[in-house]
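Input: a single structure, listed below in structure tokens.
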Number of protein chains: 2
Amino acid sequence: MAQRNILQFIILGLVTDQPRTGYELTKAFDNDIGEFWSAQHSQIYPQLKTLEAKGWLTHTEEITGEKLNRKRYAATKSGKAALNDWLTAASEPVSGAKDEFVLKLYFIHDQTDARLKPMLTTQLIWHEQRRDHLRKQLATKFPNGADALDFGHFLILEHALHREEEYCQWLQAALAQLPGGMTN
Amino acid sequence: MAQRNILQFIILGLVTDQPRTGYELTKAFDNDIGEFWSAQHSQIYPQLKTLEAKGWLTHTEEITGEKLNRKRYAATKSGKAALNDWLTAASEPVSGAKDEFVLKLYFIHDQTDARLKPMLTTQLIWHEQRRDHLRKQLATKFPNGADALDFGHFLILEHALHREEEYCQWLQAALAQLPGGMTN
DNA sequence: TTAAAACATGTAATTAATAACATGTATAAA
DNA sequence: TTTATACATGTTATTAATTACATGTTTTAA
């Protein structure tokens, strides 16, 4: 397979925390969970049907306004059990993300290659923005440091920030090693 | 699409460095390039045909022993141009790898959750191994630090090592924050 | 009041990637 | 000499994911 259908467990996890509609699940990927996973609604709605057929979810219908119907999904007992099985199963660690930029560098052999500087600079700007964004996220969501009641979320935000900090430092150091060095 | 067919450029990059057979390309993913990308031969052989049809590759046939035939692929002029186009094009930066373990943490809210310690410990062991492996790689391949003639490769190995170092530090800090703390 | 933006839910077409199926040759070690 | 391992190249089936297609409602702001 292309992947091991991890999306099903994300959905299961989200609706276990609180029952949600397909639309709300889609929105979750624009916020929190989007920091480290992505999914479109065209993947979510079919998956909800599959999970309900599996008996891991049920839905109730709600009317908004005159006739707009939405389905709110909740995890069943077996769905919660499946979530726990996944959480406690061994996670194959990632060997190194598929980072297109890093891959490109592999094919640039010469330290004096003129393409290096613009490539590194563009990436640095982006990762500095993301680093700053994550710092704000962390300061907003966890102003008092680790939250014992949302510990996992705190941990992964910290991790994401550290990664971006490393990325920026690495790119800065690489730029400094270019011909002309730090005066460039 | 599931991805933007980056594999074609990896193949293009590898055969530009030196002409290679499908088998050799497959092996490349077990070594160097496997540190940050993966591909199976079942993906590589069809891709070679596609790239040749595009006019980006040509192949010559070689006989080993009595009759074992292998095809050695090289980049054409237009293939090299396509490679350069890709290298110089803007790379959409990765927002955060799809790390299944990190994702699981998101669904563990309680700092006292008994599942945390074994999860974090298992990951720590793995990432320490990988960190040590990368240290050896770097010491073996670049015993004198940055190599001006294989600069990109040096950079990405350094980056990979820093990432693993961060991963280990993060996991250790997380374990230390668990109830019982460092005496656990 | 009207138009834009957000809410809401689907399906279809395409592609990349993995796992499994399939076959055969050459070499090195027991 | 025989057997295991490495060399060598393909195809098929399946799945996950993205993009685009498709439709309609509700709310908010101009």
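Letters A, B, ... mirror the listed sequences (proteins, then strands); counts begin at 1. Note that these values count all heavy atoms, side chains included, but never hydrogens, waters or copies made by symmetry. Quick caveat: nothing in here was measured; it's all calculated off a predicted structure.
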Tabulate protein N/O versus nucleotide N/O from nucleotides 20-25 of chain D, keeping only pairs under 3.5 Å, one per line.
{"unit_1": "dT25(D)", "atom_1": "OP1", "unit_2": "Lys67(A)", "atom_2": "NZ", "d": "2.9"}

I'd like a table of atom pairs between the protein and nucleotides 28-30 of chain D - only N or O on both sides, under 3.5 Å - with the distance next to each one.
none

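With rounding to whole Å, Glu92(A) atom CD is found 18 Å from dA17(C) atom P. With rounding to whole Å, Gln47(B) atom CD is found 13 Å from dT18(C) atom P. Residue Asn69(B) contributes atom CG, which lies 13 Å from atom C1' of dG10(D) at whole-angstrom precision. The interatomic distance linking Ile11(B) (CD1) with dA17(C) (P) rounds to 10 Å, in whole Å. Here dT11(D) presents its P atom at 14 Å from CD1 of Ile44(B), a figure rounded to the nearest Å. Atom-to-atom, OH of Tyr45(B) to P of dT18(C) comes out at 16 Å; the value is rounded to the nearest Å. With rounding to whole Å, Gln40(A) atom CD is found 19 Å from dA13(C) atom P. In this structure, CG of Leu48(B) is placed 15 Å from C1' of dT11(D), rounded to the nearest angstrom.
Put simply, CD on Gln123(A) and OG on Ser91(B) are 5.5 Å apart, with the number rounded to the nearest 0.5 Å. Expressed to the nearest 0.5 Å, how far CG of Leu103(B) lies from CD1 of Ile156(A) amounts to 7.5 Å. The line from CD of Gln137(B) to CG of Asp132(B) is 12.5 Å long, rounded to the nearest 0.5 Å.
Between dT18(C) and Ser38(B), a contact under 4.0 Å exists linking OP1 or OP2 to a side-chain N or O. In this model, the phosphate group of dT11(D) is approached by a side-chain N or O of Lys49(B) to a distance below 4.0 Å at OP1 or OP2. Within the 4.0 Å cut-off from OP1 or OP2 of dA6(C), not a single side-chain nitrogen or oxygen of Lys27(A) is found.
Each of Thr121(B), Asp110(B), Ile108(B) was compared with Leu116(B) under the side-chain contact (heavy atoms from CB on, under 4.5 Å) criterion, and only Ile108(B) meets it. With Gln43(B) as the partner, the side-chain contact (heavy atoms from CB on, under 4.5 Å) test is satisfied by one option alone out of Ile11(B), Leu7(B), Thr26(B): Leu7(B).
Annotation: side chain of Leu157(B) is not in contact with side chain of Leu161(B) (no heavy-atom distance under 4.5 Å).
Screening residues 56-86 of chain B for ring-ring contact (aromatic ring centres under 6.0 Å, His included), with sequence neighbours left out, gives Phe9(B)-Trp86(B), His59(B)-Tyr73(B). Pairs passing the salt bridge (charged side-chain N to carboxylate O under 4.0 Å, His left out) check and including a residue from residues 22-32 of chain B, sequence neighbours excluded, read Glu24(B)-Arg72(B), Lys27(B)-Asp30(B), Asp32(B)-Lys141(B).
Nucleic acid contact for Gln43(B): base, since at least one base atom lies under 4.0 Å from a heavy atom of the residue.
Residues from residues 14-25 of chain A lying near DNA chain C, meaning a heavy-atom separation below 4.0 Å, are Thr21(A), Gly22(A), Tyr23(A) in numerical order.
For Pro46(B) and Leu7(A), each mapped to the nucleotide of DNA chain D holding its nearest heavy atom, the one lying further toward the 5' end belongs to Pro46(B).
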Quiz: residues 166-173 of chain B side-chain donor-acceptor pairs under 3.5 angstrom, not counting sequence neighbours:
{"unit_1": "Glu166(B)", "atom_1": "OE1", "unit_2": "His159(A)", "atom_2": "ND1", "d": "3.1"}
{"unit_1": "Glu166(B)", "atom_1": "OE2", "unit_2": "His159(A)", "atom_2": "ND1", "d": "3.3"}
{"unit_1": "Glu166(B)", "atom_1": "OE2", "unit_2": "His162(A)", "atom_2": "ND1", "d": "3.3"}
{"unit_1": "Tyr167(B)", "atom_1": "OH", "unit_2": "Asp99(B)", "atom_2": "OD2", "d": "2.7"}
{"unit_1": "Trp170(B)", "atom_1": "NE1", "unit_2": "Leu155(A)", "atom_2": "O", "d": "2.9"}
{"unit_1": "Gln172(B)", "atom_1": "NE2", "unit_2": "Glu128(B)", "atom_2": "OE2", "d": "3.3"}

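Comment: Arg70(A) engages Glu62(A) in a salt bridge, judged by a side-chain N to carboxylate O separation of less than 4.0 angstrom. Taking a cutoff of 4.0 Å between a charged side-chain nitrogen and a carboxylate oxygen, Arg163(A) and Glu158(A) do not qualify as a salt bridge. Ion pair Arg135(B)/Glu165(B) flagged as a salt bridge, since at least one NZ, NE, NH1 or NH2 atom sits closer than 4.0 Å to an Asp/Glu carboxylate oxygen.
Side-chain proximity of Trp37(A) to the nucleotides dT11(C), dA17(D), dA16(C) is greatest for dA17(D).
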